[in-house]
Engineer: 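So that we are looking at the same thing, I have put the structure below in structure tokens.
We count residues from 1, following the sequence as given.
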Amino acid sequence: MMSFSLGQLGLIVLGYLGALFTTAYSVERGWVPRHWVRHPLVYIFSLGVYASAWAFYGSVGMANQYGYGFLAYYLGISGAFVMSPILLRPILHIARIYQLGSLADLLAFRYRSRLAGMLVSVFTLAVVIPMLTLQISAIADTLHLLNSEWPATTLAFGFCIIMIIFAVLFGARHVSPREKHEGLVFALAFESLLKLTAILVLAGVALFGIFDQVGGLEQWLIDNQDRLSNQQITLQEGPWRTLLLVFFAAAIVMPHMFHVTFTENVNSDALKPASWGFPLFLLAMSMAVPPILWAGIYLDVQTPAEYFAIGIGLKLESPFLVILTFVGGLAAASGIMIVITLATAAMFLNHLVLPFHKPSPRHDFYRWLLWMRRSLIAGILLLAYGFYRSVGADLDLNRLGILAFVAALQFLPGVLGLLYWPKSNRKGFLSGLIAGILVWIYAMLLPFSELALGWNVPLPLAAVDESNWHLAALSAFAINLLLFVLVSLSSKQKASEMSAAEACSIDTVSRPSRRPLIAGNSNDVIMSLSKPLGRYVAEREVYQALTDLDLPSYEDRPYALRRLRARLEANLSGLMGPTVAHDIVSRYLPFQENAELSEDIYQIEQRLEGFHDRLSGLAGELDNLRRYHRQTLERLPMGVCSLADDGEILMWNQAMTELTQIDAAQVTGSHLSRLPPPWNQLLQDFVVNEPMHEHKKRVDIGARPRWYSLHKSVIKPSGGQPGGIVVLMEDQTETQLLEDELMHSERLASIGRLAAGVAHEIGNPITGIDCLAQTIRYETDNPELLEMANQIQEQTKRVTRIVQSLMNFAHAGHHSTEHEPVSLAHVIDEAMQLLRLSKRSQDIAFINECAADVMMLGDDQRLVQVFVNLLSNARDASEPGQTIRVVAETDEHQVVLRIIDQGHGIPADKVDRIFEPFFTTKDVGKGTGLGLSLVYSIIEEHYGHIAIESPVADGRGTCVKVSLPRYHHIEESEPVA
């Protein structure tokens, strides 16, 4: 018989595992395109880790023993994936939210029991050790078939040492314990594709290379029908159903399947194509089994039926076929060994090591976790080798597989209760699990071991064999399930269990409370967690949680701190298990005592959004109604702010964001006192005060006044509905401006009427005085009297000009749209004359340097209004004794006026905003900010331009530059003859 040297076999093993590691490493280094790594096909093929050495070798033995009953191995788990929307997807959702990385994490979280996590971890050994032993036995036996110089046990030990090294390289190479092993997943997809190719090539050789020599497979089957049927045990109804059940449960409860399906899943949508893609992969694997079995029988291969795959190549003396088959089997065994040891090591670390021993906060916690995981990986594989040496080497692959899958079946009641029975509790789960494992040990492990070792044992143990093992399996499961139900019904749930049941149930949403934390901000959270974790780990975990939640590095909002606490517990759960994480968070980040408040409506609504696609019927209709009303409030053209009874902001709609320029994400969950001014004082005062309405409340924002109307309504708690206050805010600024404009127009009209009356009343006595002065001039030659008469007439003219200026300015609001030639010097003089009437102007010198012949087309009354505003601003900025000058420069097309003062100037950051309505550099109450805005509008009406330069010199003074089009008078000339 063909054989290989130990060096050749070692090179094949190390070469394949090295290629597998290179594949994973290339993904980690980014050499493989990211869209390849995260493609759904990669996830589907990575699930092929389920097809272990039992699928590659042992399924041929099952087919030889049970005929087509071997299909149960593929159909059971395929059924679980077909049911993924109601079975796998809810578990993935829970595992992702709460960072649950193993079955022990999931069950410990649901039943809020450290003991549950510990027992699940310990009992997982009943699954892991037979399953690892199966892989070790398969590889050792095939190595022994290819090289009989070394005993199988020695070959098995060497293989275990190699697998320890590569398991550490694949899953325990980096310090970070929560990383997704995308390289490992890609490598698993590669090994699944390799073993599928190997088994299909072998089946193709059987179909088209072996049976073609005897007239075809169909004819050979007809000729050897009796021979084939005599070799097979009829698979009765009991074993068939039991096989379907145990393989159905494998999708969830087997450690390697949980790890790949849930823990390493980076795209929940990949479960949709996997629900049909993975069954197709298993179908392709299963189709190759019968041709391999029949080819082995036809060739009379001298190996056990489970090793027909390797025996066919040896019989045909084909090195290529032998090496391809061996590599396929090696891929099937090594993939599951790596994943199962990584998953189990994490489980043991979280539930058997950390609850009893945590390193001092002074140590590097992450590095300690890394070396502990490496030690556990080595320990698990060495323990499996010990079982192989003592018992496993004498058990065939089918018995080892059945032992592992039936032991895993004992976890199924707890998982189903987690999803579909909120009333199930810790006592029921633990009672059923312990009873089921004890029955498994007594009725299956001991009989199989004793039969393998050839011991003489009394009944009934020795009566359990391949024909009736299903009775023991069903007995263990039935007792487990019965106790789980009865004890759960007869005992009471704890409050923590009820909360966890709500969090895990697929039909309900948890109802979180708004209890505040004792820690007042994120820095306090770091200080609190530094006690158990150390400062470095605490900072790293808190900042990671803040990043996950898209929150700032410093956070003090009560709602955000509650979210931070929940996220920290989830992240620490992924780091050290849910029970240890829950204990740390409960002890060092407690809620305030006697502060039980209403439910957190906002967080409940966020959870409902996550469940939206899973609600149907009346629940779906109610959720659609909720979403409609939510959108109505969000898009209401009026600011809406919903407050809890303690003043915490629960809702802040889009209109509120537009009014205040504060985003909802920044304020939701905080109190009104945390709002920036002026909104904190405005809303706080309104909520505290008795009036339910406040109309046109003035708010100064950046020296610009705005007006808001406020309304509130109190919601009283009733029927479980929390109480609170709803505040509505409406912008009334435009309405107020319109009213001010109307009042201004009316005031101008009143001033006009008053000025007209004053002018009429003053005009008569002034005319009389002027007449008396003229009479004096005509009737006397006395120089003194003549001088006195001249002075009287000058003063009466001055009074007349003042009255006329007042009337012109009062009628400035009623201007004509038709422009006339205007003397700018006259307009400026009139504006200065009006300002000199004020006491504030008595100590300021106004100088007009504009030439009298400078003309333009315009409205003289509105231009007077312009220069009154500009000169009054210059006066207000000046100090007594200073001068304000108006200088004019002209060219052919325009005149440029510069109003220059010696005042304090305008800050550079405010120059660009000086013409905005309501913007002013004056103190509140001393200016409306409308003057320059009005000036800007009038200048534009006259096709001019205005600009401001400040400071002018030595950091002081302001120059207002006004450019206006110049008017040229054209005299008519006589026509030339």
Engineer: Do L675 and I649 touch side chain to side chain, with heavy atoms closer than 4.5 Å?
Structural biologist: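 Counting from C-beta outward, L675 and I649 do come under 4.5 Å.
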Engineer: Return yes when atom CE of M832 has more than 12 non-hydrogen atoms of other residues, nucleotides or ligands closer than 6.0 Å, and no otherwise.
Structural biologist: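 More than 12 within 6.0 Å, yes.
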Engineer: Would the distance check show the side chain of D731 and the main-chain N or O of T733 forming a donor-acceptor pair, the cut-off being under 3.5 Å?
Structural biologist: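 Yes; judged by distance alone, with no hydrogens or angles, the pair exists.
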Engineer: State, yes or no, whether a side-chain contact exists between L546 and S522 at a heavy-atom distance under 4.5 Å.
Structural biologist: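 When only atoms from C-beta onward are counted, S522 and L546 do touch, with a gap below 4.5 Å.
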Engineer: For the backbone of S878 and the side chain of D901, can you confirm whether one donor and one acceptor N or O come within less than 3.5 Å of each other?
Structural biologist: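 No.
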Engineer: Is a side-chain N or O of Q684 found less than 3.5 angstrom from the main chain of Q681, in a donor-acceptor match?
Structural biologist: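 No, because the side chain of Q684 does not come within donor-acceptor range (under 3.5 Å) of the backbone of Q681.
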Engineer: Any cation-pi pair here, K697 with F686, using under 6.0 Å and within 45°?
Structural biologist: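 Relative to the ring axis of F686, which defines the angle, K697 lies outside at least one limit.
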Engineer: Give a yes or no answer on whether the side chain of H826 reaches the backbone of V822 with a donor-acceptor pair at less than 3.5 Å.
Structural biologist: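 No.
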Engineer: Does M788 CE have over 12 foreign heavy atoms under 6.0 Å away?
Structural biologist: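 It does not: M788 CE has 12 such atoms or fewer within range.
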Engineer: In the structure I gave you, are the side-chain heavy atoms of E779 and I776 within less than 4.5 Å of one another anywhere?
Structural biologist: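 No, too far: nothing below the 4.5 Å cut-off.
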Engineer: Check I938 against H942 and note the closest heavy-atom contact, atom names and distance.
Structural biologist: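 Looking at all heavy atoms of both residues, the closest pair is O-ND1, 2.9 Å.
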Engineer: Is it the case that more than 12 heavy atoms not belonging to D550 sit under 6.0 Å from its CG atom?
Structural biologist: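 Count not over threshold, so no.
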Engineer: Treating D843 as the side-chain partner and P880 as the backbone partner, does any N or O pair qualify as donor plus acceptor under 3.5 Å?
Structural biologist: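 No: the side chain of D843 does not pair with the backbone of P880.
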Engineer: Using a strict threshold of under 4.0 Å (side-chain N to carboxylate O), is an ion pair present between E949 and R898?
Structural biologist: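 Looking at R898 and E949, the cut-off is not met.
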Engineer: Has the side chain of E694 got a donor or acceptor atom that lies under 3.5 Å from a matching backbone atom of L710?
Structural biologist: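 No; zero donor-acceptor contacts below 3.5 Å.
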Engineer: Which atoms form the tightest heavy-atom contact between Q902 and T883, and what is the distance?
Structural biologist: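 For Q902 and T883, the tightest heavy-atom pair comes out as OE1-N, 3.3 Å.
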Engineer: Checking side chain to side chain contact (heavy atoms under 4.5 Å, CB included) between L643 and each of L683, I715, V687, L650, which is the one that passes?
Structural biologist: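 Filter result, single survivor: V687.
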Engineer: Output yes when R885 and E849 qualify as a salt bridge under the 4.0 Å nitrogen-oxygen rule, no when they do not.
Structural biologist: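 Yes, this pair counts.
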Engineer: Return the set of residues passing ring-ring contact (aromatic ring centres under 6.0 Å, His included) with H695 (not counting sequence neighbours), or none when no residue passes.
Structural biologist: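 H695: ring-ring contact (aromatic ring centres under 6.0 Å, His included) contacts with H711.
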Engineer: Got more than 12 heavy atoms from elsewhere within 6.0 Å of NZ, K696?
Structural biologist: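 Yes, because the 6.0 Å sphere around NZ of K696 holds more than 12 heavy atoms from other groups.
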Engineer: With heavy-atom distances below 4.5 Å as the criterion, would you say the side chains of L964 and L824 are in contact?
Structural biologist: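 The answer is yes, as the side chains (C-beta and beyond) meet within the 4.5 Å cut-off.
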Engineer: Has R565 got a side-chain atom pairing as donor or acceptor with L517's backbone, closer than 3.5 angstrom?
Structural biologist: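 No, R565 side chain to L517 backbone: no donor-acceptor pair under 3.5 Å.
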Engineer: Look up atom CZ in R567 and atom CG in D548, then write down how far apart they are to the nearest 0.5 Å.
Structural biologist: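 With rounding to 0.5 Å, CZ (R567) is 4.0 Å from CG (D548).
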Engineer: Please set out all donor-acceptor pairs under 3.5 angstrom arising from side-chain atoms of residues 656-664, sequence neighbours excluded.
Structural biologist:
| unit_1 | atom_1 | unit_2 | atom_2 | d |
| --- | --- | --- | --- | --- |
| T657 | OG1 | N653 | O | 3.3 |
| T657 | OG1 | I662 | O | 3.3 |
| T660 | OG1 | M656 | O | 2.7 |
| T660 | OG1 | I662 | N | 3.3 |
| Q661 | NE2 | E658 | O | 2.8 |
| D663 | OD2 | A665 | N | 3.1 |

Engineer: Verify, without hydrogens or angle tests, whether N848 (side chain) and A825 (backbone) share a donor-acceptor contact under 3.5 angstrom.
Structural biologist: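 Checked: pair present.
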